[in-house]
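The next block holds one structure in the form of structure tokens; read it before the comments.
Convention: sequence-line order gives letters A, B, ...; per-chain numbering from 1.
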Amino acid sequence: MPDQPVRVAPLRLATWNVNSLKARMPWVETWISYAEPDVMCLQETKLSDEAFPAEAFRALGYDSIHHGDGRWNGVAILSRVGIEDGAVGLGDGVDEQGCRLIAATCGGVRVHSVYVPNGRSLDSEHYGAKLAWLAGLADLLSRTCDPSADVAVCGDFNVAPEDIDVWDPKALSGSTHVSGPERRALQQLLDWGLVDIFREHHPEPGLYSWWDYRNGAFHKHHGMRIDLVLLTRSLASRCTFSMVDRNARKALGEAKPSDHAPVLVMLG
DNA sequence: ATGGTTGCGAAGCAA
């Protein structure tokens, strides 16, 4: 393997749970045209690999890889700085919940696009599976990556790291996304050597990345910050800017919004 | 939020 290049170029890195790429393609193309990410992670494409619009992304200047079964989940990475050594799944038999992780090396960074299982409810078997999946992700990182290298883990974690990441902790008590075991499973990833870079740059509460479609939650600011960009320290130290593009949670003409907003970080 | 929405796919499930 060649050594990492000594000279590093600025990198714009984004992640977005699009809730069906077929339904979201107009918004995604618009967003890419103004946000100009170099690397973009997508979740919930809900497409088969055959139906993934690689040609449309190629026309926008992006190479891509996709991992999907056509109905649920589905993850992808777009890159205009190269895309090498693609890999899918947790690689240990735990990723049987299907098409939730894809990784590739883009511009010298090992990038992971993840869609963590929702968990449904604390008493559901899916909740235990969510915890197991997060543990499997921690295991994958420890097996395949070095925390001193340039590693990014981006996506929909379906966990709000702290109470300041949800609109009303009391209302959510006893439900998923905020429970202790989920937060500890996420913390295990951070302890390995990752930084929740948006939170590092924005300590204030009330900044979310997901709002329920129902009940006017977006306009009432009833949201959660569950879409995260986790970076190893070498990348985190290069971060000059990070944002949730809340505007992209709105309809844009005929283009309907996802229930998630994209997160963008700039590395100098 | 116990669901008032969205997406998929053609009824009900998942989020």
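Rounded to whole Å, atom P of B:dC13 lies 10 Å from atom CH2 of A:W72. In this structure, the CG atom of A:D212 is 11 Å from the P atom of B:dA1, given to the nearest Å. Between A:L172 atom CG and B:dA1 atom C1' there is a gap of 8 Å when expressed in whole angstrom units. Spacing between atom NZ of A:K220 and atom C1' of B:dG3 amounts to 11 Å, rounded to whole angstrom units. Rounding to whole angstrom units, CH2 of residue A:W211 and P of B:dT6 are separated by 16 Å. One atom, CD of A:Q43, and another, C1' of B:dA15, lie 14 Å apart when rounded to the nearest Å. Straight-line distance from the CG atom of A:D227 to the P atom of B:dA15: 15 Å, rounded to whole Å. Here the C1' atom of nucleotide B:dT6 and the NE2 atom of A:H260 are 12 Å apart, to the nearest Å.
Below 30°, between 30° and 60°, or above 60°: for A:W27 and A:W16 the angle between ring planes is above 60°, a perpendicular geometry.
Checking A:Y213 against A:H126, the closest nucleotide of DNA chain B that is more toward the 5' end is the one next to A:Y213. Comparing A:W210 and A:R24 against DNA chain B, the residue whose closest nucleotide sits nearer the 5' end is A:R24.
Residue A:N118 has its side chain nearest to B:dA15 when only B:dA15, B:dA1, B:dA14 are considered. If you check B:dG9, B:dG7, B:dA15 against the side chain of A:R71, the one that comes closest is B:dG9. Side-chain proximity of A:R120 to B:dA15, B:dA1, B:dC8: nearest is B:dA15. Of the listed nucleotides (B:dG4, B:dA15, B:dC8), B:dG4 has the atom at the smallest distance from the side chain of A:N215. Of the candidates B:dA15, B:dC8, B:dT6, B:dC8 carries the atom nearest the A:A23 side chain, counting heavy atoms from C-beta on.
Neither OP1 nor OP2 of B:dA1 sits under 4.0 Å from any side-chain N or O of A:S175. Between B:dG9 and A:K46, no contact under 4.0 Å exists linking OP1 or OP2 to a side-chain N or O.
Here the shortest heavy-atom pairing between A:C41 and A:V111 reads SG-CG1, 3.5 Å.
Aromatic pair A:F52/A:F57: centroids less than 6.0 angstrom apart.
Here, B:dG12 and B:dG3 have their C1' atoms 16 Å apart, quoted to the whole Å. Separating the C1' atom of B:dT6 from that of B:dA11 is a span of 16 Å, rounded to the nearest Å. On the P atoms, B:dC13 is 23 Å away from B:dA1, given to the nearest whole Å. Here the separation of B:dT5 from B:dA10, taken at their P atoms, is 23 Å to the nearest Å. Rounded to whole Å, the C1' atom of B:dG7 lies 23 Å from the corresponding atom of B:dT2. B:dG9 and B:dA14: their P atoms are spaced 14 Å apart (whole Å).
There is no side-chain donor-acceptor pair under 3.5 Å between A:W211 and A:D259. Donor-acceptor pairing under 3.5 Å is recorded for the side chains of A:W31 and A:D245.
Residues A:D212 and A:R214 are paired through a salt bridge, judged by an N-O separation under 4.0 Å between the basic side chain and the carboxylate.
With hydrogens and angles ignored, a donor-acceptor pair closer than 3.5 Å exists between the side chain of A:R214 and the base of B:dG3.
Across all strands shown, A:F218 has no heavy atoms under 4.0 Å from either base or sugar-phosphate atoms.
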